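Structure first, then comments.
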Amino acid sequence: MSPTLPSYDEAARLVAAWAAQIPAPGKIERVELAAAAGRVLAAPLLADRDQPAFARSTRDGYACRAAEAAAHAWLRVAGSTRAGEAPAGPLAPGTAWEIMTGAPVPAGADAVMMLEHADIDAGDGRLRLAAARTLAAGENIVARGAQARAGDELLAPGALIGAAQIALAAACGAAALAVYAKPRVAILSTGDELVPVEAAPAPGQIRNSNAPMLAALVSAAGGEPWILPTAADTAGALDAALAEAAAADLLLITGGVSAGKFDLVEPALLKRGARFHFTGARIQPGRPVVFGEIPRPAASLVQDESRAQHQSRTQCCFGLPGNPVSSAVTFLLFAAPVLAALAGRAEAERGPRFALARLKESVKSKSGLTRFFPAACTFGAAGASAIADEMPQVTRIPWQGSGDLAAMARANCFLVVPEASDALDAGEFVRILLA
Ligand code: AMP
Ligand code: MG
């Protein structure tokens, strides 16, 4: 291992710094709410009216004056409001108003007595707060505008749209949202041994599993995957493929970045004028990972303006080692944050995402590289004990090295072994990389 390679942290900082200077995407689309999940908001979402728009009861019960109710005075029920009805009132002194959850509280009332807390006189129907209960002003009411005022910015551009954001938009009357166009991500597989998934591999050949895997990772990270034909391990094939890929916003190359005789990706990138930020990092798997940028031919900038709207003067590219687990890990660690930036996501949300878990069984490692081992984490079993379990529990999955797709397919995260550690003990808190 070369001492000149950056550590994981150093490499991650280089990537984050590069991503930080990516401008917000230029092209904006409108999508209906039903199609907005997973997209990135391109314009602020503003509250169209106060939220809630009227003082809202959070209980079934009786709107009243807290001071009268707390003194256990008898109150006459003067009327009733159900959800959907216009606000009533004003409430006369000495009276209460029957009210349902979600209904507007009548003017003059400042609290809602829960139905279950009211003593009702069977004779005249008057009620009072049960002796053991208290009631303070504001109780069981959400005041008008307590959540937001009309015109407030509820979501900023860069927010990832999920179920909660869709609900919020719906509540504000936004049936469609402005979102950033998805960045187009070229996926270039290299290797003479690769055949397409439909083909029967001849002796010595393997199916290209990285292309569909990376396409899935790209889609999940908010990009539009563009799978290019597999390039052979020759300078000419790689050069032609890189020329074709120049139209993409981001380029992912798998294979051909190790030190072997047919690992020709770095020379091919150099031939196109690439500048490298790192060629290798002190990680396993994925040590040969390459991060660089390729100058765009001036012509392609103009030509492709309508297709790839995120284009800067250079094209960001990653050379991901061909072993499937290496490709997946280096994508998550380095390519995903750049893709998130190209997709317009806010800086704090670009990942990678780490979490803490308790290690179930000890793990032996070797110091010198930050390791990312396929692992299974339980985030809380279903049933009564789920809340009582204090921490997620993680176990390493046995593997045959970074080509072991079966092991990775059984994993739901990667166990992180810090560079300085040669072992992790059972019961320790450890970091996991979320897939
Ligand atoms: P390389 O990074 O080109 O040295 O490849 C490392 C290992 O990953 C080799 O065993 C390759 O056969 C394998 N490999 C490379 N590309 C792919 C791919 N697209 N799908 C599956 N395995 C691959
Ligand atoms: Mg290869």
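Whatever order the structure lists ligands and atoms in, that order sets their numbers, starting from 1. Note that the structure is predicted; figures quoted are calculated from it, not measured.
Summary of contacts: the protein heavy atom closest to atom 19 (N) of ligand 1 is Asn208 OD1, 2.8 Å. At the top of the distance list for atom 18 (C) of ligand 1, counting protein heavy atoms only, stands Asn210 ND2, 3.2 Å. For atom 3 (O) of ligand 1, the nearest protein heavy atom (residue, atom name, distance) is Gly256 N, 2.8 Å.
The aromatic rings of Phe372 and Tyr8 sit perpendicular to each other, their planes meeting at more than 60°, with 30° as the lower class boundary. Ring geometry for Phe291 versus Trp18: interplanar angle over 60°, hence perpendicular rather than tilted (30 to 60°).
In this structure, Ser209 has a heavy atom closer than 4.0 Å to ligand 1.
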Pair Phe354, Leu434 - check side chain to side chain contact (heavy atoms under 4.5 Å, CB included), show working.
CA-CA 6 Å; Phe354 292 103; Leu434 298 174; over 6 Å; no

Please list every donor-acceptor pair under 3.5 Å in which a side-chain atom of residues 257-272 meets a protein atom from a residue at least two apart or in another chain.
residue, atom, partner, partner atom, Å
Asp263, OD2, Gly260, N, 2.7
Lys271, NZ, Asp239, OD2, 3.3
Arg272, NH1, Asp239, OD1, 3.4

Between side-chain atoms of residues 161-169 and protein atoms elsewhere (two or more places apart, or another chain), which donor-acceptor pairs fall under 3.5 Å?
residue, atom, partner, partner atom, Å
Gln165, OE1, Gly162, N, 2.9

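Of all atoms in ligand 1, numbered sequentially from 1 with element shown, those under 4.0 Å from a heavy atom of Gly255 are 1 (P), 2 (O), 3 (O). Of all atoms in ligand 1, numbered sequentially from 1 with element shown, those under 4.0 Å from a heavy atom of Asp263 are 3 (O), 4 (O). Heavy-atom proximity to Thr254, at under 4.0 Å, picks out these atoms of ligand 1: 19 (N).
A donor-acceptor distance shorter than 3.5 angstrom exists from the side chain of Ser327 to the backbone of Pro321, with no hydrogens or angles considered.
Salt bridge annotation for Glu224-Arg184: absent, with no cationic side-chain nitrogen under 4.0 angstrom from a carboxylate oxygen. Here Lys366 does not pair with Asp422 in a salt bridge; the nearest charged N to carboxylate O distance is not below 4.0 Å.
By the criterion of a heavy-atom distance under 4.0 Å, the side chain of Ile206, and not its backbone, is placed next to ligand 1. For Ser258, every heavy-atom contact with ligand 1 shorter than 4.0 Å involves the side chain, none the backbone.
Among Gly322, Gly319, Ser327, the residue whose heavy atom lies closest to atom 5 (O) of ligand 1 is Gly322. One option in Glu193, Arg207, Gln205 has a heavy atom closer to atom 9 (C) of ligand 1 than any other, and that option is Glu193. Of the listed options Leu320, Asn323, Val195, Asp192, Asn323 places a heavy atom closest to atom 10 (O) of ligand 1.
Considering backbone and side-chain N/O atoms, Pro324 never comes within less than 3.5 Å of an N/O atom of ligand 1. Annotation: Val257 places no N or O atom under 3.5 Å from an N or O atom of ligand 1; distance criterion only.
Using modelled atom types, one finds a donor on one side chain and an acceptor on the other under 3.5 Å when comparing Thr101 with Asp60.
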